K.L.:
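Pasting in a structure now, in C-alpha coordinates, and then I'll have a few things to ask.
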Amino acid sequence: MDNKKLYELSEKILVKEIIKLLEVDEMLLDGFGHDSAFINTTIHEDEILLMNTDRSGINTAYTLGLANGECVGDFGVSHAISDIIASGGQPLAISIALLLPDNLTLGFVKEVMIGAQKAAKKYGAFLAAGDTKKNNKFAMVVTATGKAQKTERLTRANAKKGDFLIVTGHLGTMLAGKIAFKQNLELSTQAINLFKKALIFQNPPYTLSTKLSKSKLTNACTDISDGLSSSIYNLCNASNLGAIIDESKIPIHKETLKIATTLNIRPIQLTLTGGDWQFLYSVPEENIKKIKEIAQMANFPISIIGKLIEENTIVIKTLENKYKHLLRLENDKFSKHSGESFLTLLEKRIPLFGKDINSNLKNKLMEIQYENY
(Lines give C-alpha, C1' and ligand atoms only; values in the text may rest on other atoms or scores of the structure.)
Protein backbone atom coordinates (compact mmCIF):
# COMPACT_ATOMS: atom_id res chain seq x y z
CA MET A 1 0.00 0.00 0.00
CA ASP A 2 2.72 2.52 0.96
CA ASN A 3 4.34 2.26 -2.49
CA LYS A 4 1.13 3.26 -4.24
CA LYS A 5 1.03 6.64 -5.97
CA LEU A 6 -1.57 9.09 -4.73
CA TYR A 7 -3.36 9.04 -8.08
CA GLU A 8 -4.10 5.36 -7.40
CA LEU A 9 -5.92 6.29 -4.17
CA SER A 10 -8.95 8.40 -3.35
CA GLU A 11 -8.62 11.38 -0.99
CA LYS A 12 -10.72 9.55 1.60
CA ILE A 13 -8.37 6.57 1.61
CA LEU A 14 -5.38 8.94 1.88
CA VAL A 15 -6.91 10.75 4.86
CA LYS A 16 -7.89 7.44 6.49
CA GLU A 17 -4.31 6.18 6.17
CA ILE A 18 -2.95 9.40 7.70
CA ILE A 19 -5.40 9.38 10.62
CA LYS A 20 -4.47 5.79 11.47
CA LEU A 21 -0.91 7.03 12.12
CA LEU A 22 -1.79 9.85 14.47
CA GLU A 23 -2.25 9.78 18.21
CA VAL A 24 -5.38 11.39 19.65
CA ASP A 25 -4.22 13.76 22.39
CA GLU A 26 -6.36 13.90 25.53
CA MET A 27 -7.05 17.59 24.82
CA LEU A 28 -8.57 16.70 21.44
CA LEU A 29 -12.20 15.86 22.20
CA ASP A 30 -13.97 13.35 19.92
CA GLY A 31 -10.80 12.58 17.95
CA PHE A 32 -10.22 13.26 14.24
CA GLY A 33 -12.66 13.24 11.35
CA HIS A 34 -15.13 16.02 12.18
CA ASP A 35 -15.80 19.36 10.48
CA SER A 36 -13.88 21.08 13.25
CA ALA A 37 -11.36 20.09 15.92
CA PHE A 38 -12.64 20.34 19.49
CA ILE A 39 -9.82 21.38 21.81
CA ASN A 40 -10.42 21.04 25.52
CA THR A 41 -8.55 24.03 26.89
CA THR A 42 -9.32 26.97 29.14
CA ILE A 43 -8.14 30.53 28.62
CA HIS A 44 -7.96 32.50 31.85
CA GLU A 45 -8.26 36.27 32.18
CA ASP A 46 -4.50 36.68 32.24
CA GLU A 47 -3.91 34.35 29.26
CA ILE A 48 -3.95 35.01 25.53
CA LEU A 49 -4.06 32.80 22.45
CA LEU A 50 -1.22 32.96 19.92
CA MET A 51 -1.49 31.88 16.28
CA ASN A 52 0.95 31.62 13.39
CA THR A 53 0.82 30.13 9.88
CA ASP A 54 3.83 29.10 7.80
CA ARG A 55 4.22 27.41 4.43
CA SER A 56 7.13 25.07 3.78
CA GLY A 57 8.19 22.60 1.11
CA ILE A 58 10.68 19.79 0.67
CA ASN A 59 13.68 20.72 2.78
CA THR A 60 17.35 20.43 1.87
CA ALA A 61 18.02 17.50 4.20
CA TYR A 62 15.58 15.34 2.23
CA THR A 63 16.77 16.42 -1.22
CA LEU A 64 20.37 15.69 -0.21
CA GLY A 65 19.40 12.23 1.03
CA LEU A 66 20.39 12.94 4.62
CA ALA A 67 17.04 11.82 6.06
CA ASN A 68 13.68 10.39 5.03
CA GLY A 69 10.34 12.19 4.79
CA GLU A 70 10.09 12.60 8.55
CA CYS A 71 12.49 15.53 8.34
CA VAL A 72 10.04 17.28 5.98
CA GLY A 73 7.29 17.06 8.61
CA ASP A 74 9.64 18.21 11.36
CA PHE A 75 10.73 21.12 9.16
CA GLY A 76 7.17 22.37 8.56
CA VAL A 77 5.93 22.07 12.15
CA SER A 78 9.11 23.46 13.75
CA HIS A 79 9.03 26.58 11.59
CA ALA A 80 5.40 27.37 12.38
CA ILE A 81 5.99 26.79 16.07
CA SER A 82 9.15 28.93 16.13
CA ASP A 83 7.19 32.19 16.07
CA ILE A 84 4.93 30.99 18.88
CA ILE A 85 7.97 30.26 21.04
CA ALA A 86 9.73 33.52 20.12
CA SER A 87 6.61 35.38 21.21
CA GLY A 88 6.77 33.84 24.68
CA GLY A 89 4.07 31.26 24.08
CA GLN A 90 3.62 27.57 24.82
CA PRO A 91 2.65 25.69 21.63
CA LEU A 92 -0.72 23.98 21.90
CA ALA A 93 -2.37 22.61 18.75
CA ILE A 94 -1.27 22.18 15.14
CA SER A 95 -3.29 22.12 11.92
CA ILE A 96 -1.65 20.94 8.69
CA ALA A 97 -2.82 21.38 5.10
CA LEU A 98 -0.92 19.11 2.69
CA LEU A 99 -0.64 20.17 -0.97
CA LEU A 100 0.25 16.97 -2.82
CA PRO A 101 1.31 16.04 -6.35
CA ASP A 102 -0.48 12.83 -7.31
CA ASN A 103 2.77 11.04 -8.22
CA LEU A 104 3.97 11.03 -4.60
CA THR A 105 3.80 7.73 -2.77
CA LEU A 106 1.57 7.08 0.20
CA GLY A 107 4.68 6.00 2.11
CA PHE A 108 6.29 9.43 1.70
CA VAL A 109 3.15 11.21 2.94
CA LYS A 110 3.05 8.91 5.97
CA GLU A 111 6.69 9.71 6.77
CA VAL A 112 5.91 13.43 6.58
CA MET A 113 3.04 13.10 9.02
CA ILE A 114 5.01 10.90 11.43
CA GLY A 115 7.73 13.59 11.45
CA ALA A 116 5.11 16.29 12.00
CA GLN A 117 3.62 14.41 14.94
CA LYS A 118 7.04 13.83 16.54
CA ALA A 119 7.87 17.52 16.14
CA ALA A 120 4.59 18.63 17.72
CA LYS A 121 5.19 16.37 20.74
CA LYS A 122 8.75 17.69 21.04
CA TYR A 123 7.32 21.16 21.75
CA GLY A 124 4.49 19.97 23.99
CA ALA A 125 1.85 20.36 21.26
CA PHE A 126 -0.38 17.95 19.33
CA LEU A 127 -1.90 17.58 15.86
CA ALA A 128 -5.54 18.61 15.86
CA ALA A 129 -6.76 19.09 12.29
CA GLY A 130 -5.76 19.32 8.66
CA ASP A 131 -6.62 19.03 4.99
CA THR A 132 -5.28 17.44 1.79
CA LYS A 133 -5.42 18.94 -1.69
CA LYS A 134 -3.92 18.01 -5.04
CA ASN A 135 -1.20 20.40 -6.22
CA ASN A 136 1.57 20.46 -8.81
CA LYS A 137 4.24 20.93 -6.13
CA PHE A 138 4.47 19.55 -2.58
CA ALA A 139 3.87 22.02 0.24
CA MET A 140 2.80 22.03 3.88
CA VAL A 141 0.77 24.90 5.28
CA VAL A 142 1.03 24.64 9.06
CA THR A 143 -1.02 26.69 11.51
CA ALA A 144 0.21 26.63 15.10
CA THR A 145 -1.71 27.90 18.11
CA GLY A 146 -0.38 28.50 21.58
CA LYS A 147 -1.05 30.14 24.93
CA ALA A 148 0.88 32.74 26.90
CA GLN A 149 0.56 34.79 30.04
CA LYS A 150 -0.09 38.38 29.00
CA THR A 151 2.89 39.53 31.05
CA GLU A 152 5.19 36.97 29.38
CA ARG A 153 4.39 37.79 25.76
CA LEU A 154 7.28 39.10 23.69
CA THR A 155 6.93 41.35 20.65
CA ARG A 156 9.51 43.05 18.45
CA ALA A 157 8.29 46.47 19.55
CA ASN A 158 9.27 46.81 23.22
CA ALA A 159 13.06 47.08 22.93
CA LYS A 160 14.64 49.99 24.77
CA LYS A 161 17.61 52.24 24.12
CA GLY A 162 20.68 50.76 25.83
CA ASP A 163 19.41 47.18 25.65
CA PHE A 164 21.94 44.55 24.67
CA LEU A 165 21.26 42.43 21.59
CA ILE A 166 21.69 38.73 22.35
CA VAL A 167 21.72 35.87 19.85
CA THR A 168 21.06 32.23 20.76
CA GLY A 169 23.13 29.36 19.38
CA HIS A 170 25.37 29.59 16.31
CA LEU A 171 24.54 31.25 13.00
CA GLY A 172 25.38 30.30 9.42
CA THR A 173 25.53 26.58 10.16
CA MET A 174 22.61 25.55 7.96
CA LEU A 175 23.82 27.39 4.86
CA ALA A 176 27.40 26.21 5.40
CA GLY A 177 26.17 22.62 5.62
CA LYS A 178 24.03 23.00 2.52
CA ILE A 179 27.00 24.26 0.53
CA ALA A 180 29.39 21.67 1.97
CA PHE A 181 27.19 18.69 1.07
CA LYS A 182 26.16 20.05 -2.34
CA GLN A 183 29.78 20.68 -3.32
CA ASN A 184 31.05 17.48 -1.69
CA LEU A 185 33.62 19.42 0.32
CA GLU A 186 36.05 17.44 2.47
CA LEU A 187 34.72 17.52 6.03
CA SER A 188 35.82 16.29 9.44
CA THR A 189 33.59 13.90 11.37
CA GLN A 190 32.65 16.77 13.68
CA ALA A 191 31.68 18.95 10.72
CA ILE A 192 29.58 16.19 9.13
CA ASN A 193 27.64 15.65 12.37
CA LEU A 194 27.22 19.39 12.94
CA PHE A 195 25.96 20.14 9.45
CA LYS A 196 23.68 17.08 9.29
CA LYS A 197 22.01 18.11 12.53
CA ALA A 198 21.63 21.71 11.29
CA LEU A 199 19.99 20.57 8.06
CA ILE A 200 17.77 17.79 9.42
CA PHE A 201 16.60 19.57 12.58
CA GLN A 202 16.13 23.28 11.87
CA ASN A 203 14.59 23.72 15.30
CA PRO A 204 14.09 26.79 17.50
CA PRO A 205 15.76 26.90 20.96
CA TYR A 206 12.63 25.70 22.73
CA THR A 207 13.93 24.95 26.25
CA LEU A 208 16.01 28.11 26.57
CA SER A 209 13.40 30.44 25.07
CA THR A 210 10.68 29.08 27.34
CA LYS A 211 12.82 29.81 30.39
CA LEU A 212 13.67 33.29 29.12
CA SER A 213 10.06 34.29 28.47
CA LYS A 214 9.00 33.10 31.92
CA SER A 215 11.88 35.02 33.51
CA LYS A 216 10.45 38.34 32.20
CA LEU A 217 14.03 39.59 31.87
CA THR A 218 13.90 40.35 28.14
CA ASN A 219 12.17 43.28 26.46
CA ALA A 220 11.73 42.02 22.90
CA CYS A 221 12.40 39.02 20.67
CA THR A 222 12.30 37.89 17.05
CA ASP A 223 13.44 34.73 15.33
CA ILE A 224 16.33 34.82 12.83
CA SER A 225 14.73 32.61 10.18
CA ASP A 226 15.09 35.23 7.43
CA GLY A 227 18.66 36.16 8.27
CA LEU A 228 20.52 38.14 10.91
CA SER A 229 20.46 41.59 9.32
CA SER A 230 16.76 41.30 8.50
CA SER A 231 15.98 40.32 12.11
CA ILE A 232 17.98 43.25 13.49
CA TYR A 233 16.09 45.61 11.20
CA ASN A 234 12.73 44.09 12.16
CA LEU A 235 13.35 44.52 15.88
CA CYS A 236 14.84 48.01 15.56
CA ASN A 237 12.19 49.33 13.18
CA ALA A 238 9.37 48.04 15.41
CA SER A 239 10.95 49.77 18.42
CA ASN A 240 11.99 52.98 16.59
CA LEU A 241 15.63 52.44 17.48
CA GLY A 242 18.97 51.74 15.82
CA ALA A 243 21.81 49.42 16.76
CA ILE A 244 25.57 49.01 16.84
CA ILE A 245 26.62 45.46 15.92
CA ASP A 246 30.10 43.99 16.38
CA GLU A 247 30.96 41.63 13.51
CA SER A 248 33.54 39.83 15.64
CA LYS A 249 30.88 38.93 18.24
CA ILE A 250 28.51 37.11 15.86
CA PRO A 251 28.51 33.46 17.01
CA ILE A 252 29.77 31.28 14.16
CA HIS A 253 30.95 27.71 14.74
CA LYS A 254 34.59 26.95 13.89
CA GLU A 255 33.52 24.40 11.26
CA THR A 256 31.35 27.05 9.61
CA LEU A 257 34.32 29.42 9.63
CA LYS A 258 36.27 26.80 7.68
CA ILE A 259 33.57 26.72 5.01
CA ALA A 260 33.72 30.52 4.71
CA THR A 261 37.49 30.31 4.27
CA THR A 262 37.10 27.65 1.58
CA LEU A 263 34.58 29.84 -0.27
CA ASN A 264 36.71 32.94 0.25
CA ILE A 265 33.83 34.90 1.78
CA ARG A 266 33.28 36.79 5.02
CA PRO A 267 31.74 34.44 7.61
CA ILE A 268 28.93 36.94 8.26
CA GLN A 269 27.64 36.25 4.73
CA LEU A 270 26.52 32.80 5.84
CA THR A 271 24.26 34.39 8.49
CA LEU A 272 22.43 36.88 6.31
CA THR A 273 20.11 34.76 4.17
CA GLY A 274 18.27 32.74 6.79
CA GLY A 275 17.90 29.09 7.67
CA ASP A 276 19.07 29.37 11.27
CA TRP A 277 16.05 29.11 13.55
CA GLN A 278 17.71 30.94 16.41
CA PHE A 279 16.39 33.98 18.30
CA LEU A 280 17.46 37.60 18.74
CA TYR A 281 16.66 39.14 22.13
CA SER A 282 16.73 42.68 23.47
CA VAL A 283 17.88 42.59 27.12
CA PRO A 284 18.35 45.44 29.66
CA GLU A 285 21.93 45.75 30.87
CA GLU A 286 20.96 45.03 34.48
CA ASN A 287 19.51 41.63 33.47
CA ILE A 288 22.50 40.33 31.52
CA LYS A 289 23.99 38.38 34.44
CA LYS A 290 20.71 36.57 35.17
CA ILE A 291 20.17 35.84 31.47
CA LYS A 292 23.61 34.25 31.27
CA GLU A 293 22.82 32.10 34.32
CA ILE A 294 19.58 30.87 32.70
CA ALA A 295 21.43 30.02 29.48
CA GLN A 296 24.09 28.16 31.41
CA MET A 297 21.48 26.12 33.27
CA ALA A 298 19.78 25.33 29.95
CA ASN A 299 23.19 24.36 28.54
CA PHE A 300 22.61 26.55 25.50
CA PRO A 301 25.05 29.19 24.21
CA ILE A 302 24.12 32.86 23.90
CA SER A 303 26.21 35.76 22.58
CA ILE A 304 26.03 39.53 22.99
CA ILE A 305 26.48 41.00 19.51
CA GLY A 306 25.73 44.68 20.11
CA LYS A 307 23.58 47.33 21.68
CA LEU A 308 20.51 49.40 20.81
CA ILE A 309 20.97 53.12 20.17
CA GLU A 310 18.60 56.05 19.73
CA GLU A 311 19.87 56.94 16.25
CA ASN A 312 17.65 55.40 13.57
CA THR A 313 20.39 53.46 11.79
CA ILE A 314 22.02 50.03 11.93
CA VAL A 315 25.80 50.27 12.22
CA ILE A 316 28.30 47.44 12.15
CA LYS A 317 31.80 47.54 13.56
CA THR A 318 33.62 45.36 11.02
CA LEU A 319 36.47 42.94 11.60
CA GLU A 320 38.74 45.72 10.30
CA ASN A 321 37.43 48.07 13.05
CA LYS A 322 35.59 50.24 10.54
CA TYR A 323 32.13 51.59 11.31
CA LYS A 324 29.75 51.10 8.39
CA HIS A 325 26.03 50.94 7.74
CA LEU A 326 24.75 47.34 7.74
CA LEU A 327 22.61 46.70 4.67
CA ARG A 328 19.34 44.79 4.96
CA LEU A 329 19.77 41.38 3.32
CA GLU A 330 17.19 38.67 3.80
CA ASN A 331 15.57 35.55 2.43
CA ASP A 332 12.71 37.39 0.71
CA LYS A 333 10.56 35.43 -1.76
CA PHE A 334 9.40 38.68 -3.36
CA SER A 335 12.81 40.33 -3.78
CA LYS A 336 14.62 40.70 -7.10
CA HIS A 337 16.86 37.79 -6.03
CA SER A 338 13.96 35.50 -5.12
CA GLY A 339 14.62 32.88 -7.78
CA GLU A 340 18.30 32.52 -7.04
CA SER A 341 19.97 30.06 -4.69
CA PHE A 342 21.86 31.14 -1.58
CA LEU A 343 25.07 29.91 -3.20
CA THR A 344 24.47 32.00 -6.33
CA LEU A 345 23.95 35.08 -4.19
CA LEU A 346 27.18 34.38 -2.32
CA GLU A 347 29.07 34.00 -5.58
CA LYS A 348 27.73 37.36 -6.76
CA ARG A 349 29.37 39.00 -3.74
CA ILE A 350 26.31 41.13 -2.99
CA PRO A 351 27.43 44.09 -0.82
CA LEU A 352 26.98 43.56 2.91
CA PHE A 353 27.91 47.01 4.18
CA GLY A 354 27.07 50.53 3.10
CA LYS A 355 29.14 53.68 3.44
CA ASP A 356 31.21 54.66 6.46
CA ILE A 357 29.18 56.49 9.09
CA ASN A 358 29.90 60.14 9.81
CA SER A 359 32.64 60.97 12.29
CA ASN A 360 30.31 62.42 14.95
CA LEU A 361 28.27 59.21 15.15
CA LYS A 362 31.42 57.10 15.03
CA ASN A 363 32.92 58.94 18.00
CA LYS A 364 29.69 58.45 19.92
CA LEU A 365 29.46 54.74 19.13
CA MET A 366 33.11 54.12 20.03
CA GLU A 367 32.22 55.07 23.60
CA ILE A 368 29.53 52.36 23.88
CA GLN A 369 30.71 49.42 25.97
CA TYR A 370 29.40 45.90 25.61
CA GLU A 371 32.57 43.88 25.06
CA ASN A 372 33.16 43.14 28.75
CA TYR A 373 29.80 41.43 29.38
Side-chain angles (χ1 to χ4, degrees), residues 22-32 34-54 77-97 116-117 119-130 141-161 163 166 168 203-223 225 231 234-235 237-241 277 279-284 286-288 290-291 293-295 297-298 300 308:
L22 305 180
E23 297 177 7
V24 178
D25 192 271
E26 61 183 12
M27 292 182 66
L28 183 62
L29 298 182
D30 305 318
F32 299 104
H34 309 288
D35 289 337
S36 181
F38 302 100
I39 300 173
N40 187 22
T41 186
T42 301
I43 300 295
H44 298 287
E45 286 187 9
D46 60 343
E47 286 185 325
I48 50 176
L49 278 175
L50 286 70
M51 181 177 291
N52 177 59
T53 298
D54 262 312
V77 169
S78 294
H79 292 185
I81 277 179
S82 177
D83 289 316
I84 299 292
I85 298 170
S87 301
Q90 171 60 52
L92 181 62
I94 308 295
S95 176
I96 299 176
Q117 181 168 255
K121 292 178 70 174
K122 180 166 50 181
Y123 306 114
F126 61 92
L127 301 187
V141 180
V142 181
T143 297
T145 59
K147 295 196 300 182
Q149 299 289 323
K150 288 181 182 179
T151 56
E152 293 176 7
R153 73 187 190 275
L154 288 170
T155 70
R156 301 171 179 174
N158 199 39
K160 302 291 189 295
K161 172 190 171 184
D163 281 0
I166 287 182
T168 64
N203 296 169
Y206 171 59
T207 302
L208 173 63
S209 57
T210 300
K211 292 180 182 297
L212 290 180
S213 61
K214 290 191 176 299
S215 74
K216 303 179 185 179
L217 296 172
T218 63
N219 281 336
C221 180
T222 185
D223 81 1
S225 57
S231 302
N234 287 340
L235 192 146
N237 289 346
S239 301
N240 295 313
L241 293 168
W277 260 258
F279 292 168
L280 174 71
Y281 285 97
S282 163
V283 180
E286 62 269 21
N287 293 343
I288 291 295
K290 292 180 180 177
I291 290 289
E293 291 173 353
I294 291 172
M297 286 189 292
F300 204 94
L308 292 171

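The shown structure was predicted, so the numbers you read here are calculated from the model rather than taken from an experiment. Side chains are part of it too, since the values below use all heavy atoms of this structure and drop only hydrogens, waters and symmetry mates.
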K.L.:
How far does CZ of Phe126 sit from CG of Asp25, to the nearest 0.5 angstrom?
P.N.:
5.0 Å
K.L.:
Please confirm whether the backbone N or O of Tyr123 pairs with a side-chain atom of Tyr206, one donor and one acceptor, at under 3.5 Å?
P.N.:
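Pair found, side chain donor or acceptor close to backbone of Tyr123.
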K.L.:
Taking the side chain from Asn287 and the backbone from Leu217, do they hold a donor-acceptor pair closer than 3.5 Å?
P.N.:
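Looks like yes, one N/O pair under 3.5 Å.
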K.L.:
Kindly check if the number of other-residue, nucleotide or ligand heavy atoms within 6.0 Å of CD (Glu286) is above 12?
P.N.:
yes
K.L.:
Any side-chain heavy-atom pair from Thr218 and Ile291 closer than 4.5 angstrom?
P.N.:
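Counting from C-beta outward, Thr218 and Ile291 do come under 4.5 Å.
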K.L.:
Where is the tightest heavy-atom contact between Ile48 and Lys150, given as atom of each residue plus distance?
P.N.:
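Scanning both residues completely, I find the closest heavy atoms to be CG2-CG, 3.6 Å.
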K.L.:
Output yes when a side-chain donor or acceptor of Gln90 lies under 3.5 Å from a complementary backbone atom of Ile85, and no otherwise.
P.N.:
no
K.L.:
Taking Asn158's backbone N and O only, do any of them form a donor-acceptor pair with Lys160's side chain (distance below 3.5 Å, no angle check)?
P.N.:
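Indeed, once roles are kept as given, a pair shorter than 3.5 Å links the two residues.
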K.L.:
Enter the distance from Gln149:CD to Ser213:OG here, rounded to the nearest 0.5 Å.
P.N.:
10.0 Å
K.L.:
If you take all heavy atoms of Val142 and Ile94, which pair is closest and at what distance?
P.N.:
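Of all heavy-atom pairs spanning Val142 and Ile94, the closest is CG1-CG2, 3.5 Å.
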K.L.:
Could you measure the distance from the OG1 atom of Thr143 to the CG atom of Asn52? Nearest 0.5 Å is fine.
P.N.:
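It is 8.0 Å, given to the nearest 0.5 Å.
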K.L.:
If you measure from CG on Asn234 to CZ on Arg156, what distance do you get to the nearest 0.5 Å?
P.N.:
4.5 Å
K.L.:
Which distance, rounded to the nearest 0.5 Å, do you find between the CD of Gln117 and the CD1 of Ile96?
P.N.:
9.5 Å
K.L.:
Taking atom types as modelled, is there a side-chain donor on Ser82 or Asp223 under 3.5 Å from an acceptor on the other?
P.N.:
yes
K.L.:
To check you understand the geometry: which heavy-atom pair defines the closest contact between Leu50 and Lys147, and what is its length?
P.N.:
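So the minimum-distance heavy-atom pair works out to CD1-C, 3.9 Å.
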K.L.:
In terms of side-chain heavy atoms, does Lys290 have a donor or acceptor partner in Ser215 at a distance below 3.5 Å?
P.N.:
no
K.L.:
In terms of side-chain heavy atoms, does Ser282 have a donor or acceptor partner in Asn219 at a distance below 3.5 Å?
P.N.:
no
K.L.:
Assess, by modelled atom type and distance only, whether the side chains of Thr222 and Ser231 contain a donor and an acceptor separated by less than 3.5 Å.
P.N.:
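No.
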K.L.:
Between atom CG of Leu49 and atom CG of Leu92, what is the distance when rounded to the nearest 0.5 Å?
P.N.:
7.5 Å
K.L.:
Give a yes or no on whether the backbone of Trp277 and the side-chain of Ser225 come within a donor-acceptor separation of less than 3.5 Å.
P.N.:
no
K.L.:
Give the minimum heavy-atom separation between Asp54 and Ala80, together with the two atoms involved.
P.N.:
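Where Asp54 meets Ala80 most closely, the heavy atoms are OD2-CA, 3.6 Å.
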K.L.:
Between Lys214 and Glu152 (salt bridge meaning N to carboxylate O under 4.0 Å), is one present in this structure?
P.N.:
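Salt bridge present between Lys214 and Glu152.
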K.L.:
With a 3.5 Å distance limit and no angle check, can you tell me whether Ser239 reaches the backbone of Leu241 through a side-chain donor-acceptor pair?
P.N.:
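No, the answer is negative, given that no donor and acceptor are paired below the 3.5 Å cut-off.
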K.L.:
Mind listing the closest non-hydrogen atom pair of Ala93 and Ala128 along with its distance?
P.N.:
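Closest approach of Ala93 to Ala128: CB-CB, 4.0 Å.
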K.L.:
Measure from the side-chain N and O atoms of Thr168 to the backbone N and O of Phe279, and report whether any donor-acceptor pair falls under 3.5 Å.
P.N.:
yes
K.L.:
If I compare all heavy atoms of Leu154 with all of Ala220, which pair ends up nearest, and what's the gap?
P.N.:
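Looking at all heavy atoms of both residues, the shortest contact is CD2-N, 4.1 Å.
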K.L.:
May I have all residue pairs that pass salt bridge (Lys or Arg N to Asp or Glu O under 4.0 Å) and include part of residues 119-128, sequence neighbours excluded?
P.N.:
Glu23-Lys121, Asp74-Lys122
K.L.:
Take Ile294 and Lys211, measure what side chain to side chain contact (heavy atoms under 4.5 Å, CB included) needs, and give me the verdict at the end.
P.N.:
CA-CA 7 Å; Ile294 291 172; Lys211 292 180 182 297; 3.8 Å; yes
K.L.:
Flag the pair Val283 / Ile288 as yes when at least one side-chain heavy-atom distance between them is below 4.5 Å, and no otherwise.
P.N.:
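Of all side-chain heavy-atom pairs linking Ile288 with Val283, at least one is under 4.5 Å.
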